[in-house]
Amino acid sequence: MERGRKRITGTRTQLWRRTMVLMAVFGVFTFILLGAQLFSLQILQHHELEQRAIAQQMREITVSANRGTIFDANGAILAQSASVENVFIDPNTIYRLEQDGALIARNLAAILDVDEQMILARMQDRDSQFQTIRSRIDRDLADEVRAFIAEHEIRGVHLEPAVLRYFPHGRTASHVLGFVGADGTGMGYGVEGSFDRYLTGVNGRIVRLTNARGGAMLRASYENYYLAQPGHDLHLTIDVNIQRIMERHMNQAVYDFDLQAGGFALAMQPQTGAILGMVSLNDYDPNNHGRLSPERMDALRQQYPDNDEAFWGAVMRELEYSWRNKNIGYSYEPGSTFKMLTLAIALEEGIISPDSDRIFYCGGHMDVPGREDPVHCWNRNGHGPLTLTQVMQRSCNIGTVMLAMEIGPDLFFQYLQAFGLFETTGIDLSGEMMGLVWSEADWNSFIGYGNFSSLAAASFGQTFTLTPIRMVTLTSALVNGGYILVPYIGERVVAQDGTVVREGERVVRRQVISRETSEWVRHFMESTVADPLWGTGSNAAVPGFRIGGKTGTSVDTVLEALTGRTEYVLSFVGVAPMDSPEIVLLVALQSPGPNNTTYPSGGQMAAPLAGRMLAEILPYLGVASQLGDEERVNAQVPYVRRQTVEEARAELIAEGFRVLIQGDGEIAGRRVVDQMPAGGAIVMVGTEVILFLEGARPEGEVTVPDVTGLRYQEARAVLEARGLYASRSGAAANHNAIVVYSQSRQPTEVVRRGTVIELTLIDISR
């Protein structure tokens, strides 16, 4: 029995020992595992876990940096960043702290002018710590929100700083500027996109302490602010005053000619390559770049009433079209504006001398090897015998083809390469395209088979396309001594401390013609405008200024390829002043519509438009008029109010005006109380100025008549019969083919009696 007890006791002891050993082994193993895990957590994963802990305990809010300001050439602000704030709520904190959601929603809706139900709906996402209520509010609204938060001790409603890009001039220079996307990145084809890396600053951030659930700490208010660094400022070569002149006249042309596809205009300083103005129609407002006008949205909705996909597709197509800068992203056949290049090649190569007495005979058509049909002149009846000057003045296709055939295909193609038709200009804007031109292999293949059709057509600007910026660049080379320049629009980039980071400068790629040839080209261009009898560009003439240029009329091959419709591009490239050119101006009008009553040609539509622009731009640039008193067309009416009748009459007659006195009784010694036209008005020399004495003041309003299409004498008489006055610009009024091309006030507009209406005249025989 006792032996049995000992056996049982020994067994128990053995089991206990084994258990202890197993427990010890298990304990050691567990300790090793825990130690390994602690090593992994504290050593191997330390950095990762530390970052996760910080992320859980901190909320980081990005503070957008202000983009650099964009200035025009004179320091006018074209784009700037304004400091605004975003309002957001923290539903998690509002729920946990049992904040009065109805109170918050009601007051925020009233302050921010948003829907109260929207705020309440966003509060229901109780796991969220960030729900935007309204973005980019101004300081006054932000202060109202802060006052509400302080008054009611609200937790869970916050404001964060943000940046709003603002374009103070609206649509002005929209294609030059581009726009800024929702993420603050520069977009579009303007400088906002191409200079984005300079304009973009370094974002700042706000770091706040949060609890385990991501909500705001009850008793902790830790917050650290890391300042944002604003971007660099950008100064442009664009002059906003020149830009506005160009835009105003281009928009008027849309009305005058019912332009279906808008147009484009480009001005460059030919000695440096600096861009002075750039207009592309249709334009847009960079402040609202993602919206069409309500009228256009309604029109598209009517077009696609039951198809949302088609509707929004049409909206996006129109938006993308409006963003496109035609001056760099569109190509067209230059037409006869290209003839000056053909002339320059012939002069440079000595094929003809500028003072040659050679006669070119134009019979209206000419056979060219390789063409089944003859080349026709725009004047199908032919110009007859012409000198070289007359070939250019009358824009004769046949005379130009004769020069090209003598130049020969190889030499002509070399000059096309030298003038840059096979490369981009290198302008500092994104989206520049090349025109559609022959490859060297295709050109040589045509010539190898005896086909000179391309050579003939190219000589007067057809069967190939180029961009407006290329046309202006090569025209600048024709008049600046022969230098192909790299055009630029960024004058300089300046850091916030005043350091110049980047500077635009004159860059010469190569010289393509001699200075002597360039001088002769200027001579021929001037004769094309200055000769009122034969010059096809005479409608661009501005009295007192030496202007040269060339007209062009071509088919819009791009539109024709896309739509099958035959539409026209009517253009004029002008240069002034001719003794020392300060500006090259290209104006082009696209697709005159059914309501247009003017014959569609560059001479009758684009040339007078360019002349009107230059009449304002040249004096602004400081170019003095060369007119003598006896040559004046218009004059400024002197201020003669409060003068005696005798003094006023003498001054007006001395300035070339006629005088009519309105008033009862003796007039000697009495004083003028009013005058019509008003002092300072620009009217035609010889206009009758009415002087009103006491008791006889001008009264009433009148409706502006439509005088377009009338001869200028008839138009002036119609206006004066209604108590209106005329000033004029454009073609010299010396024969019956001179008619009114446009008027500064629209027909049916009601104006004060005595208003001056500016009339632009054209020669409809051009």
Side-chain angles (χ1 to χ4, degrees), residues 173 175-176 238 242-257 259 261-270 275-283 325-328 330-338 340 395 461 466-476 479 525 528-529 535-542 545 547-554 556 568-576 581-592 596 598-618 729-731 741-742 760 762 766:
H175 291 93
V176 172
I238 291 287
I242 294 176
Q243 181 75 22
R244 283 174 172 162
I245 291 170
M246 295 168 62
E247 289 182 359
R248 173 162 45 84
H249 287 292
M250 288 296 291
N251 286 318
Q252 180 65 38
V254 172
Y255 175 87
D256 290 339
F257 305 123
L259 300 179
F264 49 88
L266 182 60
M268 189 167 93
Q269 215 293 342
I275 302 298
L276 303 176
M278 181 180 283
V279 181
S280 180
L281 302 178
N282 299 328
D283 56 8
N325 186 345
K326 294 179 181 178
N327 288 286
I328 61 172
Y330 167 83
S331 65
Y332 72 108
E333 285 191 357
S336 294
T337 57
F338 202 74
M340 287 297 170
S395 194
L466 45 67
T467 58
I469 187 64
R470 169 55 65 199
M471 186 68 215
V472 168
T473 302
L474 71 82
T475 303
S476 294
V479 301
M525 292 183 78
T528 302
V529 173
T536 54
S538 62
N539 285 327
V542 178
F545 297 97
I547 295 173
K550 189 70 190 72
T551 58
T553 304
S554 61
D556 189 336
Y568 294 95
V569 178
L570 314 164
S571 63
F572 176 83
V573 58
V575 180
E582 292 293 328
I583 184 173
V584 170
L585 174 64
L586 171 65
V587 173
L589 309 176
Q590 297 175 276
S591 306
N596 170 54
T598 303
Y599 180 76
S601 74
Q604 291 196 30
M605 293 173 65
L609 183 63
R612 292 173 63 187
M613 292 183 188
L614 291 172
E616 295 185 54
I617 293 173
L618 291 176
S729 62
Y741 146 91
S742 69
T760 302
I762 64 169
R766 296 290 128 235

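What's counted below: heavy atoms across the whole structure, side chains too, no hydrogens, waters or symmetry copies.
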Chi angles and distances behind the side-chain contact (heavy atoms from CB on, under 4.5 Å) call for Ile583, Leu276
CA-CA 8 Å; Ile583 184 173; Leu276 303 176; 4.2 Å; yes
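- We find the CE-CG distance between Met246 and Leu585 to be 5.5 Å, quoted to the nearest 0.5 Å.
- Using a 4.5 Å heavy-atom cutoff, the side chains of Met268 and Thr473 are in contact.
- Note that CG of Leu474 and CE of Met340 are 12.5 Å apart. Values are rounded to the nearest 0.5 Å.
- Judged by distance alone, with hydrogens and angles left aside, the side-chain atoms of Glu247 form no donor-acceptor pair with the main-chain N or O of Val279 at under 3.5 Å.
- Proximity of Met471 to Ser571: side-chain heavy atoms (C-beta onward) are nowhere separated by under 4.5 Å.
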Show the numbers, then the answer: is there a side-chain contact (heavy atoms from CB on, under 4.5 Å) between Met605 and Phe572?
CA-CA 9 Å; Met605 293 173 65; Phe572 176 83; over 6 Å; no
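- The closest donor-acceptor contact from the side chain of Lys326 to the backbone of Leu281 lies under 3.5 Å.
- Between Val569 and Tyr330, the closest side-chain pair of non-hydrogen atoms falls below 4.5 Å.
- Looking at every heavy atom in both residues, Pro581 comes nearest to Val479 through CG-O, 4.0 Å.
- Formation of a donor-acceptor pair under 3.5 Å by the Ser554 side chain with backbone atoms of Glu333 is found in this model.
- Scanning all heavy atoms of the two residues, the minimum distance from Ile328 to Thr467 falls at O-CG2, 4.0 Å.
- For His175, there are no side-chain hydrogen bond (donor to acceptor under 3.5 Å, both in side chains) partners, not counting sequence neighbours.
- Considering every non-hydrogen atom in both Phe264 and Met250, the closest pair reads N-CE, 3.5 Å.
- Atom CG in Asn596 sits 7.5 Å away from atom CG in Leu259 (nearest 0.5 Å).
- A donor-acceptor contact under 3.5 angstrom links the side chains of Ser395 and Lys550, judged on distance only.
- A distance of 7.5 Å separates OG1 of Thr337 from CG of Leu466, quoted to the nearest 0.5 Å.
- Using a distance-only test at 3.5 Å, with no hydrogens or angles considered, a donor-acceptor pair links the side chain of Gln243 to the main chain of Met278.
- Scanning all heavy atoms of the two residues, the minimum distance from Met613 to Ala265 falls at CE-CB, 4.5 Å.
- With a 4.5 Å cut-off on side-chain heavy atoms, Leu618 and Ile547 count as touching.
- To the nearest 0.5 Å, atom OH of residue Tyr599 and atom CD1 of residue Ile762 are 12.0 Å apart.
- The heavy-atom pair separating Val584 from Pro270 by the smallest distance is CG2-CB, 3.7 Å.
- Taking CZ from Arg244 and CD from Glu616, the interatomic distance works out to 13.0 Å, rounded to the nearest 0.5 Å.
- At distances below 3.5 Å, not a single donor-acceptor pair connects side-chain atoms of Asn327 with backbone N or O atoms of Ile469.
- The shortest side-chain heavy-atom distance between Leu614 and Phe545 does not fall under the 4.5 Å cut-off.
- The heavy-atom pair separating Pro334 from Gly461 by the smallest distance is CD-O, 3.4 Å.
- With a 4.5 Å cut-off on side-chain heavy atoms, Thr598 and Asp256 do not count as touching.
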